[in-house]
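Inspection log for the structure reproduced underneath, given as structure tokens.
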Amino acid sequence: MSKHMKQIDIAVIGGGAAGLAAATATYDSGVSNVVVFDREEAPGGILKQCIHNGFGLHRFKEELTGPEYAAREFAALTQRGIAYVPEATVFQMESVSEGTRLSVLSPINGFEQVLAHAVVLAMGSRERTRGALRIPGTRPAGIYTAGAAQHLINLQGIMPGKEVVMLGSGDIGLIVARRLAYEGAHVKAVFNRSHISSGLRRNIVQCLDDYGIPLKLLHTVTSIYGSRRLEAVGVSEVDKATKRAIPGTEQIIPCDTLLLAVGLIPENDLARQAGVTLDPKSHGALVDERYQTSLPGVFSCGNVLHIHDLVDFVSEEGEAAGRAAAAYLGAPSSDAPAADTTEVLPGAGVSYVVPQRLSAQPNGKIPLRFRVRDVYRDLTICVSADGREVKRFRRAVAVPAEMQTVRLDGALLAGARTVEVSVNAQHEPAVQHDAPSKQPASCAKDQEVR
């Protein structure tokens, strides 16, 4: 190790809700030599551009806008004197005998190598783009991700367009559709490839139905038209079973803007490069109940671990990972990932579960977070250990757009080789929203962490 290498106890990579909460939790756990590396100019991550309210009801017991929520979290950081480095890109992470070596580039410190005895990954997620969808056609201006459009409107005061078509019904997209309509744009429709929306029901009601914006399920964009600026898109019906566009069903819809709200991907390029084992189901790191990855002393939390629907739970997860990182410093050898851990598996009706493994003797209440595969009503969530049911939970309804959480006493799972989370329920028929529904907007206000 170079004598010029900077040493710190804990490095937090990412300055959004998860990273800020993790850093504060490490400090409150007795570790003061903590540094937050944030690639953005200001803290808060995506929260900075989410100017609508609805954040913080769980965490702060009051309704806040995104910037207000971020300011609360950053104030807790600054009150403790925790170091925050903006515009800092961590472009390499390597596990070494003394800990984890980070290569960091920032305007403040230039290039530096940092040796951290523990690392918390909190880099958030990125949006899927047109390239990921492979939509054929020309390459005109006027095609944006929903998050990029939100940044233009809310932070720069720029309208991306006036005649808008949206593909995908993620929560960011629904909220941006409402924002555009509020500013005078004509949002012609929101098209969704699946038979169910990927956005929360309350956002469909408050952002689409209340503004007369139709949601058309089982439709997708199959063509792009225009040279310098987008002129139209071709939209085709989708076969429910194969999810393929049905030939001969394409309709041409004139528009000057296409927004893509087709899902988020955990930002795990750095983790992948460092050799962290990833879960192909959640697209995040494979972690235990302490949020420790396959690399000793490296923890993961928030949207870089799996995609959340509420920012309050992102902060909760960040706190848990921060406390675990602090505890690791006390006994790193005994806290390293063990080979004889319990594997946590998604069962019937479940897409993924986090954490994906448990230590041999898990302590306290263990939260298992997961998403269901379809819309279910009057469901029973069953948790089994080595094929024997140990706990069941009843829910009135569960949808893929909403993350589910069950908490179990670790003693119920101790010593098991496998734990499985499954759903036993009736399917709730999906409703085609070709026109705004008449359901009143009586749900709680939207919350977004995308």
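Owing to the predicted nature of the structure, the values given are computational and were not obtained by experimental measurement.
- Between the side chain of Glu289 and the main chain of Ser359, a donor-acceptor pair closer than 3.5 Å is present.
- Applying the salt bridge (Lys or Arg N to Asp or Glu O under 4.0 Å) rule to Glu112 yields no partners; only residues at least two apart in sequence or on another chain are considered.
- Here the shortest heavy-atom pairing between Ala177 and Val187 reads O-CG2, 3.7 Å.
- Taking CG from Asp171 and CG from Leu200, the interatomic distance works out to 4.0 Å, rounded to the nearest 0.5 Å.
- You'll find the side chain of Thr418 reaches within 4.5 Å of the side chain of Asp386, heavy atoms only.
- For Ile143 against Arg130, the heavy-atom pair with the smallest separation is CD1-NH1, 3.6 Å.
- Side-chain atoms of Glu317 come within 3.5 Å of backbone N or O of Gly302 as a donor-acceptor pair.
- Between the side chain of Thr89 and the backbone N or O of Phe91, no donor-acceptor pair lies under 3.5 Å.
- Not one N or O on the side chain of Asn303 forms a donor-acceptor pair closer than 3.5 Å with the backbone of Pro266.
- The closest donor-acceptor contact from the side chain of Gln79 to the backbone of Ala76 lies at 3.5 Å or more, if one exists at all.
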Step-by-step side chain to side chain contact (heavy atoms under 4.5 Å, CB included) determination, Ile175 to Cys207: CA-CA 6 Å; Ile175 290 166; Cys207 301; 4.0 Å; yes
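- Taking CZ from Arg193 and NZ from Lys243, the interatomic distance works out to 9.0 Å, rounded to the nearest 0.5 Å.
- Not a single donor-acceptor pair under 3.5 Å links the side chain of Thr26 to the backbone N or O of Ala326.
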Derivation and outcome, salt bridge (Lys or Arg N to Asp or Glu O under 4.0 Å), residues Arg369 and Glu316: CA-CA 12 Å; Arg369 294 187 165 96; Glu316 178 185 310; 2.4 Å; yes
Side chain to side chain contact (heavy atoms under 4.5 Å, CB included) between Leu180 and Ile153, worked out: CA-CA 8 Å; Leu180 285 165; Ile153 301 168; 3.5 Å; yes
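- Pairing each heavy atom of Ile8 with each of Asn33, the nearest pair is CA-ND2, 3.4 Å.
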Val85 and Asp38: CA distance, side-chain angles, deciding distance, side chain to side chain contact (heavy atoms under 4.5 Å, CB included) verdict: CA-CA 6 Å; Val85 184; Asp38 188 2; over 6 Å; no
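- In terms of heavy-atom proximity, Leu102 sits nearest to Ala11 at CD1-CB, 3.6 Å.
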Stepwise salt bridge (Lys or Arg N to Asp or Glu O under 4.0 Å) test for Glu73 and Lys48: CA-CA 12 Å; Glu73 296 286 13; Lys48 297 191 297 292; over 6 Å; no
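- Side chains of Thr100 and Glu94: a donor-acceptor N/O pair is absent below 3.5 angstrom, by distance only.
- In this structure the side chain of Tyr291 reaches within 4.5 angstrom of the side chain of Leu305, judged on heavy atoms.
- In plain terms, the two heavy atoms of Ala401 and Ser198 that are nearest each other are CB-O, 3.3 Å.
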Pair Ile224-Ile135, side chain to side chain contact (heavy atoms under 4.5 Å, CB included): steps then yes or no: CA-CA 7 Å; Ile224 302 291; Ile135 303 174; 3.8 Å; yes
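- Between the side chains of His117 and Glu98, no donor-acceptor pair of N or O atoms lies under 3.5 Å.
- Side chains of Gln92 and Gln273 form a contact here, defined as non-hydrogen atoms less than 4.5 Å apart.
- Annotation: side chain of His195 is in contact with side chain of Asp374 (closest heavy-atom distance under 4.5 Å).
- Formation of a donor-acceptor pair under 3.5 Å by the Arg323 side chain with backbone atoms of Ala25 is not found in this model.
- Cation-pi contact between Arg72 and Phe60: present, with separation from the ring centre below 6.0 Å and deviation from the ring axis of at most 45°.
- Remark: Tyr182 OH is loosely packed, at most 12 non-hydrogen atoms of other residues, nucleotides or ligands lying under 6.0 Å away.
- Glu62 has its side chain within reach of Leu64: a pair of non-hydrogen atoms, C-beta onward, lies under 4.5 Å apart.
- Rounding to the nearest 0.5 Å gives a distance of 6.0 Å between CG of Asn424 and SG of Cys382.
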Salt bridge (Lys or Arg N to Asp or Glu O under 4.0 Å) assessment of Asp28 paired with Arg80: CA-CA 9 Å; Asp28 292 345; Arg80 291 160 175 79; 2.8 Å; yes
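- Closest non-hydrogen pair, Val36 versus Gly14, comes out as CG1-O, 3.6 Å.
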Residues Gln404, Arg395; criterion side chain to side chain donor-acceptor pair (under 3.5 Å); working and verdict: CA-CA 10 Å; Gln404 304 293 319; Arg395 299 281 165 87; 2.8 Å; yes
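- Between His58 and Phe313, the ring planes are tilted. Angles from 30° to 60° get that label.
- The local environment of CD in Glu41 is sparse, with at most 12 non-hydrogen atoms from other residues, nucleotides or ligands closer than 6.0 Å.
- Residue Thr405 holds its OG1 atom at 10.5 Å from CZ of Phe393, rounded to the nearest 0.5 Å.
- With contacts defined as side-chain heavy-atom distances shorter than 4.5 Å, the pair Val104/Phe111 does not qualify.
- A side-chain donor-acceptor contact under 3.5 Å links Ser169 and Asn192.
- Aromatic rings of Tyr84 and Phe74 (six-membered ring for Trp) have centroids within the 6.0 Å cut-off, being under it.
- A side-chain donor-acceptor contact under 3.5 Å links Asp312 to the backbone of Arg59.
- Checking Gln356 against Asp279 by side-chain atom types alone, a donor-acceptor pair falls below 3.5 Å.
- Separating the OG atom in Ser422 from the CZ atom in Arg392 is a distance of 9.5 Å, to the nearest 0.5 Å.
- The number of heavy-atom neighbours closer than 6.0 Å to CZ of Arg407, taken from other residues, nucleotides and ligands shown, is above 12.
- Residue Val34 forms a side-chain contact (heavy atoms from CB on, under 4.5 Å) with just one option from Thr24, Leu77, Val120, Val12, and that option is Val12.
- Put simply, the side chain of Thr342 gets close to the backbone of Ala416: a donor and an acceptor are under 3.5 Å apart.
- A donor-acceptor contact shorter than 3.5 Å links the side chain of Asn154 to the backbone of Gln49.
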Glu402 and Arg371: CA distance, side-chain angles, deciding distance, salt bridge (Lys or Arg N to Asp or Glu O under 4.0 Å) verdict: CA-CA 7 Å; Glu402 185 173 352; Arg371 288 184 187 267; over 6 Å; no
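- Using a 4.5 Å cut-off on side-chain heavy atoms (C-beta onward), Phe370 and Val354 make no contact.
- Inter-residue side-chain proximity for Glu267 and Arg39 is flagged as met; some heavy-atom pair is nearer than 4.5 Å.
- Once rounded to the nearest 0.5 Å, the distance linking CD1 of Ile366 with CG of Leu412 reads 10.5 Å.
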